Structures are given as C-alpha cells and as structure tokens.
Asks: 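The structure that follows is given in the form of structure tokens.
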Amino acid sequence: MNRKNALATGVAATLALGAVSMVATQSAAAPRPAATAGTSVARPGAGFRAMSADVRSEAIRTAGRNAAATARALGLGPDERLVVKDVLIDADGSRHVRYNRTYRGLPVIGGDLVVHLAGDGGITGSDLAHQGAIRIAVTIPKLTAADASARAVKHARHVKKAKADSKDSALVVYAVGKIPVLAYRSTVTGEGETGPASRQAVIVDATSGVPLDQYELHQSATGTGNGVTVGQVSIETAQAGSGYTLTDAAHGSTVVYDSYNSPQSNPKQNARTFSRTTNSWGNGTNSSRESAAVDASYGLAKTWDYYKNSFNRSGIRNDGRGAPAYVHVDTGLLNAFYDDDCFCMFFGDGSSQNGNTPVTALDVAGHEMSHGVTAATANLTYSGESGGLNEATSDIFGTMVEFSAGNTGDPGDYYIGEKLNMSGGYMRRMDNPAADGSSLSCWNSGAGSADVHYSSGIGNHFFYLAAEGTGAKTIGGRSHTGTTCNNDTFTGIGKDKAAAVWYRALSTYMTSTTNYAGARTATLQAAADLYGTDSQERYLVSKAWAAVSVGTALPDPGTGTPTPSPTAPTPSPTTPPGGNALANGGFEQGTSGWTQSDSIITNSSLQTARDGSWYAWMMGYGADAVESLSQSSVAVPSTGTPKLTFWLKVSTQESGSTAYDTLKVNVNGTTLATYSNANAGSGYVQKTVDLSAYKGRTVKLDFAGTEDTYLSTVFLLDGIAIG
C-alpha cells in the first residue's frame, strides 16, 4: 500500500471544482524541498498548458473553499488548516492542488502536500511531506525569541560574523522528521558560503534549543557563462545583496570556489567565493579565472540532472545536498579529484602537457562527481580490481553525462577528456582502452596489480561493448572500434540500458571488495531485475563480459545454445565481508543492498544510530501506516546454527501491554518474530532469531511495520547480521 496516495478515511471525496476549464502553469519551486518525497499513483492528463491569471486565481479560490473538506478527507487533525498555494490542471480536467499546513495558526515546516483530483472532483491520490495528522506535546515554548536567536547564531555552520535579530525568529512546527516538534525558525546573516551577504535559516527546538535544521536563503538566478571547454552556456547562480555568486540553488546549493592556486595538499587554503555585480561569467579563455568555474558549474549541474532524470537520485549522496567544488587548485596540476572526507571536488589548471587547459571538461566533472556516488553506494575500495571498477564507474557515468547534456560543442562519445588538449587526443578510450599503451582491454590474472586507472579499462571496455556492440562506428564525430578479446561479434543493448544495469548493480549488489567476476554477477542480476532472467539484455551483458575475458556467455535465450567463451581464467565472485550474509547490515553505505517502502534508512540527527551514523527508522507517524525494509537473495549459511541478529530500539506514545503498533520479522513470507509498543525501552537491545530452518537456502528477509490510527511508535534498527 502506498500511504502517500491513500485517504485516511478510506473513502473517496468529491469536492466542488467550480467553472474552471483552462489549465494552470506550474508554480515556482519552494525555497526548500520536502525531506520525504511521495510516489504518486498514475493519473490521467496530457500535460499543462498556460492559462490566464483570472482563471488561475479562480482555481485557487475554489481550492481554498474546499480546504476544510480536503483536510477532513485526508484525516488531518482538528487543529490543522490547509492554505492553498497553487493549482495545476491537466488537459483532461484533472487537477493537482498544492497546500501548506498550519497547526494552531503556526506554519508547519514539512507540512506541504498535493491533492490529486479527477475531472469530477473525486480525490484520486495525495502526496504528503509529512504523513498523518500533526500532533505535538508542547505548544508553549520554553525559549524566548531572543533565546532562539542566540542559539541559532551559535549553531549556524559556515557563517562568519553571524548575527540574528529576535524579530526574525518565529515559532513554527517542524515536521520534517517523523515526530513533529515546536520550534523556532531564525534568520542568521553574516559571511557564508554564498558570499558576504549570506542569509541562513536555522531551526532550533523551542524547548531544548537543540538545532534541527539549517539551509541557505537566497534568490536563484540564471546567468550566462563562457567556459574554456563548454563554450557559452546558461548556469544557475544566486543573488546575494546587489550581486551574484556561483551558488546553484537548483542543484543542492552547489558552490564553486576559486582555490586561488592553494597547494594540492591544502586546496582550500586560499579559497574564496566567486562573486560579481552582473550575472555574466567568464570570457571563454584562461585570462578570466571565472571561465574554468563556468565549466565546473555547468558540468556538475548536468551531472546532477543526469542522475536525477535517469535514476531519481538527488545529488551525490541522494540527500539533496550539493558538494562544493574548487577550481584553480595548485599550479600546473593536470588532475582533478574528489575527496569524500570533505565531500568536495577539486580541479587543476592543467599543465604544459595539455596547453594549460583547465581540467574541467564536462566528462571530467561527471567523472569526479560519480566518485562520490560510488562512495555513497558500493564504496568500492580504491585498490586492486575494486579500484579499477571504481574508476570505470566514474568513466562510465562521466560519459553518460556527456551524452545526456547535448552540448553541441562537446557531443557524446566514449573518449575520456578529449576536450583537454592531451597530446594523444584523450586521457582514456572506452572502446579500445589498450590504445593508450597502458590500459587493459581484457581481464588477466594480474589485473588486480595494475594501476586502477589502467585496470579500469576492463570495465570501460565491457560497458562500451554492452552499449554499442562490436564493429567500427563513428560516434560524436570520433572513430570507435568494437574489437573483443575472444573475436566474438554481437549487438549492444544501448547506452541507456547499459547504464541502468551498471547503476543498479553498483547501488544494489556491489560491495567495497567486489572484483570483476563479482561485477559480472552483479550486473547479470541487475539485468535480470530490470529486463528479465531470460531477456536478450541479460544475455548480451554476459556476452560483453565474455568479450573482455570475464566469465562465459550465457545460453542464448532464443535458442538455448551456449555461446563460445574465452579461455582466460575467471576469478570467483566476492563474498560478503565479515561473515555477514547481508549486504550493508549497518546501513553505513546508505540504502545500498536494501529495498525500502519509504525513506527509512537515514542519518537524521532526530534519532541516533547504535553504531556509526546511519540506521533504519521505521514507523512513528501516529496514523494508520505500513512500512517495509527488505533484502532479497540472502544466502543463509549451510553450516553451524545460522541466526539473524540485530539491535532494536522501541519508543512509543502508547501505554500498557497491548500491541497496537508492531514490527514483524519475516523470512520468505513467514513471520518469525514480532515486536511492538509493549517492547519500548530507553536504548537499543540486541535481538536474535533462529534461522536453522533455512540453513543453506537463499531467502528474502523483511522487516514489516504496522501502526494504528492513534499515537506513534518508533522502531529503530541497526547492526543487522545473518551468520
């Protein structure tokens, strides 16, 4: 059940639509996205068309008249009110009404929602940033507005000379987490990441003063950039006071800084923001320090867009946050790199070897940002074959970014860094890696000992063949060869499908120690997930691996006949580290390995992990709700006495021993253990479930949560293991 599209009353409501027949333009984006995104039911409609201001105003007035009935239909509480923000109308008459919520007159941060109605006015679904009714235990603050302002200044991050006025601190209900709280929202000004006129919203608990959230307040703008490698492009900037900064609010508030030739060992040493009074940046040459920054800003935005449009991934860590970037690092640096410790990227200015062309080309920006995606998912170790896969992943997605950007000055191809004026014309080639004299086109037993930038050639070659197949081609105006290591010939599945397979393998099946054989296993499983076990896509993925000497090709699903395979030895797939049959049992790799019905896996500071910073937060809505967290194809050990262990913390608003809200542990659909609000305690408690009945079998593990209509129970999970 998708709770975001279900009515709390269980019955459809029909609301008066009025006499509006035209359609609305989409409303402007809110200054801060909701923390939890809904997944809407399929709805009719053929897109939006422009409508007059009068028609739009009447549609909004109609939605306002229906607000009380809508709140009742959604099961909102008696102290809540809906305030209409905008209305969109499809060509077939379906409409989508966006509301904000208030609670006892206070604005609710994270209380926005969209109600979807059919042409006859019946509610067909809804998307709520916060599920269920708003209830808070305390409505009178312990802190004064002055107290809150002082706390906000203290907690403001990355702001120098911070200050806040109590008149700019207002009481709100903060409902971004699962349990709403009374809070103050204060505006802090000072010198920040967006320049000397930084304005940040800082939200603190109105009872304890604990910081709950912080984000930049600024007006976004679209500027004109003239880059060294990308040419003249539009870039997103931010208006700060009377000027502009290179802050991209549309892409996680990504900021591009001038490292000002700080040494590579300390690339932030002399860093400063880019700012100017007009919104035109760079001149296309190295004579302007802004030109390389334009390249970086454009490339990072296009990378963000690619991941969002292709995989619904919001930024590197899928948390909506942009990673800062620094250009002009060191002197004569022909390199670019990503550092997960500081969550930032660095770009050198090139050297005499490439005519001092900044290392900020489009595919390079995509390459570096993709290192962060790898760190947030499989976290492939940067050595041995895993390191080669790490580098290959960045080349693969950097290439896909180049294709998706559609920049006429830098059309998509399978050459890496071809815009950097290298003496050989490129840094690497995916179609023929060995052409550079160092990279590996075919797997061999020494691949793990090669430099990761050279062993990446195996993964790059696989991807090219999976996408394009064999044979000579001209792509993006450049010659490409489709040679193989086993003299096989076959067609490709297309670059978009090949990228989808690689992304799913990376985010769902690969681990830090995956080698090339393990990558083959992961991509075959991903292809089965996406296109079917007996699909032509999965078969051709196996052909591409065999063509680079990794494994053998599967039988042709059309004929059932095995295809010729290479004679090179094949390494065995990786096994889960530490004896845990589960992938990412401690959640420190985010959502990797897990399937979740909602935003369950989190590092939110509103609750605490038992170990590390990530944990699973299930339930806590105080309304009818269900959630699930599962992992499939888990191999239960075939020896000893296998068991499932995990740490569980239960907190509840319920009382007594009646089990109103439950968390069930299911294996292959059978419930093996049940926990409830009656198990509430002050901390994490380790639980053990016997899996002897499943010894040697492959199973699906599922944690299933259920909550009733009234009062909340929170179940926190961490340190899950099967061994």
Side-chain angles (χ1 to χ4, degrees), residues 229-230 299 302 306 310 354 361-367 370 388-389 391-443 453-503 516 519 523 536-537 539-550 553 566:
T229 61
V230 302
K302 291 300 181 183
Y306 170 73
S310 300
N354 74 328
L362 180 57
D363 54 1
V364 174
H367 176 106
S370 294
L389 285 165
E391 274 295 312
T393 296
S394 283
D395 281 351
I396 288 167
F397 289 124
T399 291
M400 291 304 299
V401 168
E402 189 176 83
F403 275 111
S404 68
N407 186 305
T408 56
D410 188 6
D413 54 47
Y414 293 90
Y415 287 54
I416 307 300
E418 73 280 2
K419 297 289 288 184
L420 298 182
N421 295 321
M422 302 293 291
S423 58
Y426 55 86
M427 296 178 73
R428 288 182 292 280
R429 278 180 62 173
M430 300 179 72
D431 64 312
N432 184 14
D436 64 15
S438 300
S439 296
L440 302 179
S441 287
C442 312
W443 183 87
H453 294 89
Y454 299 150
S455 61
S456 65
I458 303 164
N460 286 347
H461 196 195
F462 155 78
F463 183 82
Y464 174 82
L465 292 171
E468 301 290 342
T470 56
K473 292 185 177 183
T474 299
I475 303 172
R478 297 178 182 274
S479 298
H480 292 68
T481 60
T483 57
T484 65
C485 307
N486 59 355
N487 298 316
D488 196 4
T489 58
F490 51 89
T491 59
I493 64 175
K495 59 182 180 295
D496 292 331
K497 285 186 175 181
V501 167
W502 193 271
Y503 180 81
Y516 273 111
T523 52
Q536 192 72 8
E537 288 87 352
Y539 164 65
L540 290 172
V541 166
S542 77
K543 294 267 282 182
W545 278 121
V548 297
S549 302
V550 178

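All of these numbers come straight from a predicted model, not from anything done at the bench. Residues: numbered from 1 along the sequence shown.
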Asks: Shortest non-hydrogen contact from Leu362 to Ala405?
Replies: CD2-CB, 3.6 Å

Asks: I want to check something: taking the side chain as every heavy atom from C-beta on, are Val548 and Trp443 in contact at a cut-off of under 4.5 Å?
Replies: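 Val548 vs Trp443: side chains apart.
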
Asks: Are any of the side-chain nitrogens in Arg429 or Asp436 under 4.0 Å away from the carboxylate oxygens of its partner?
Replies: no

Asks: Quick check against the 3.5 Å criterion: does Asn354 have a side-chain atom that pairs as donor or acceptor with the backbone of Leu420?
Replies: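 Yes.
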
Asks: Could you state the interatomic distance from CE (Met427) to CG (Asp363), rounded to the nearest 0.5 Å?
Replies: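 Answer for the CE-CG pair, Met427 versus Asp363, is 9.0 Å.
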
Asks: Between Asn407 and Gly409, which heavy-atom pair has the shortest distance, and what is it?
Replies: OD1-N, 2.8 Å

Asks: Taking all atoms of both residues into account, what is the closest heavy-atom pair of Gly457 and Pro433, and its distance?
Replies: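 For Gly457 and Pro433, the tightest heavy-atom pair comes out as O-CG, 3.3 Å.
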
Asks: Looking at Glu468 and Lys473, is there a salt bridge between them, counting it only when a charged N and a carboxylate O are closer than 4.0 Å?
Replies: yes

Asks: Would you check, one step at a time, whether the test side chain to side chain contact (heavy atoms under 4.5 Å, CB included) holds for Trp545 with Leu540?
Replies: CA-CA 9 Å; Trp545 278 121; Leu540 290 172; over 6 Å; no

Asks: Do Asp395 and Asn460 pair up side chain to side chain, a donor and an acceptor below 3.5 Å, judged on atom types alone?
Replies: yes

Asks: For residues 419-441, which residue pairs pass the ring pair (Phe, Tyr, Trp, His ring centres under 6.0 Å) check, not counting sequence neighbours?
Replies: Tyr415-Tyr426

Asks: First locate atom NZ of Lys302, then atom CE of Met400, and finally report the distance between them rounded to the nearest 0.5 Å.
Replies: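 The distance works out to 14.5 Å.
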
Asks: Quick check on the 6.0 Å ring-centre criterion: do Phe463 and Phe397 meet it?
Replies: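 When the ring centroids of Phe463 and Phe397 are compared, they turn out to be at least 6.0 Å apart.
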
Asks: Say you draw a straight line from CG of Asp431 to CG of Asp413; how long is it, rounded to the nearest 0.5 Å?
Replies: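 So the gap between those two atoms works out to 9.5 Å.
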
Asks: Is a salt bridge present between Asp410 and Lys419, judged by a nitrogen-to-oxygen distance below 4.0 Å?
Replies: no

Asks: Take atom OH in Tyr503; do more than 12 heavy atoms of anything else shown fall under 6.0 Å from it?
Replies: yes

Asks: Hey, what do you get for NZ (Lys543) to CD1 (Ile493), rounding to the nearest 0.5 Å?
Replies: 14.0 Å

Asks: Work out which heavy atom in Gly388 is nearest to a heavy atom in Ser455; give both atom names and the distance.
Replies: CA-OG, 3.3 Å

Asks: Looking at Arg428, Met430, Arg478, His461, which one forms a side chain to side chain contact (heavy atoms under 4.5 Å, CB included) with Tyr414?
Replies: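 Answer to the side chain to side chain contact (heavy atoms under 4.5 Å, CB included) test with Tyr414 among Arg428, Met430, Arg478, His461: Met430.
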
Asks: Under 3.5 Å, is there a donor on one side chain and an acceptor on the other for Thr393 and Trp502?
Replies: yes

Asks: Please determine whether side chain to side chain contact (heavy atoms under 4.5 Å, CB included) holds for the pair Asn432 and Ser441, giving the CA-CA distance in whole Å, both sets of side-chain angles, and the decisive distance to 0.1 Å.
Replies: CA-CA 7 Å; Asn432 184 14; Ser441 287; 4.0 Å; yes

Asks: What's the separation between atom CD in Glu391 and atom OG in Ser456, rounded to the nearest 0.5 Å?
Replies: 6.0 Å

Asks: Could you tell me which non-hydrogen atom of Pro411 sits nearest to which non-hydrogen atom of Glu402, and how far apart they are?
Replies: O-OE1, 3.4 Å

Asks: If every non-hydrogen atom of Asn486 is compared with every non-hydrogen atom of Ala547, which pair is closest and at what distance?
Replies: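 Looks like OD1-CA, 3.5 Å.
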
Asks: Please test Thr470 against Leu465 for side chain to side chain contact (heavy atoms under 4.5 Å, CB included), starting from the C-alpha separation and ending with a verdict.
Replies: CA-CA 6 Å; Thr470 56; Leu465 292 171; 4.2 Å; yes

Asks: Nearest 0.5 Å, please: how far is OH in Tyr454 from OG in Ser438?
Replies: 4.0 Å

Asks: Using a 3.5 Å distance criterion without hydrogens, assess whether the side chain of Thr484 forms a donor-acceptor pair with backbone atoms of Asn487.
Replies: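 Yes; at least one donor-acceptor contact below 3.5 Å.
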
Asks: List the steps, then state whether side chain to side chain contact (heavy atoms under 4.5 Å, CB included) holds for Val550 with Tyr516.
Replies: CA-CA 7 Å; Val550 178; Tyr516 273 111; 4.2 Å; yes

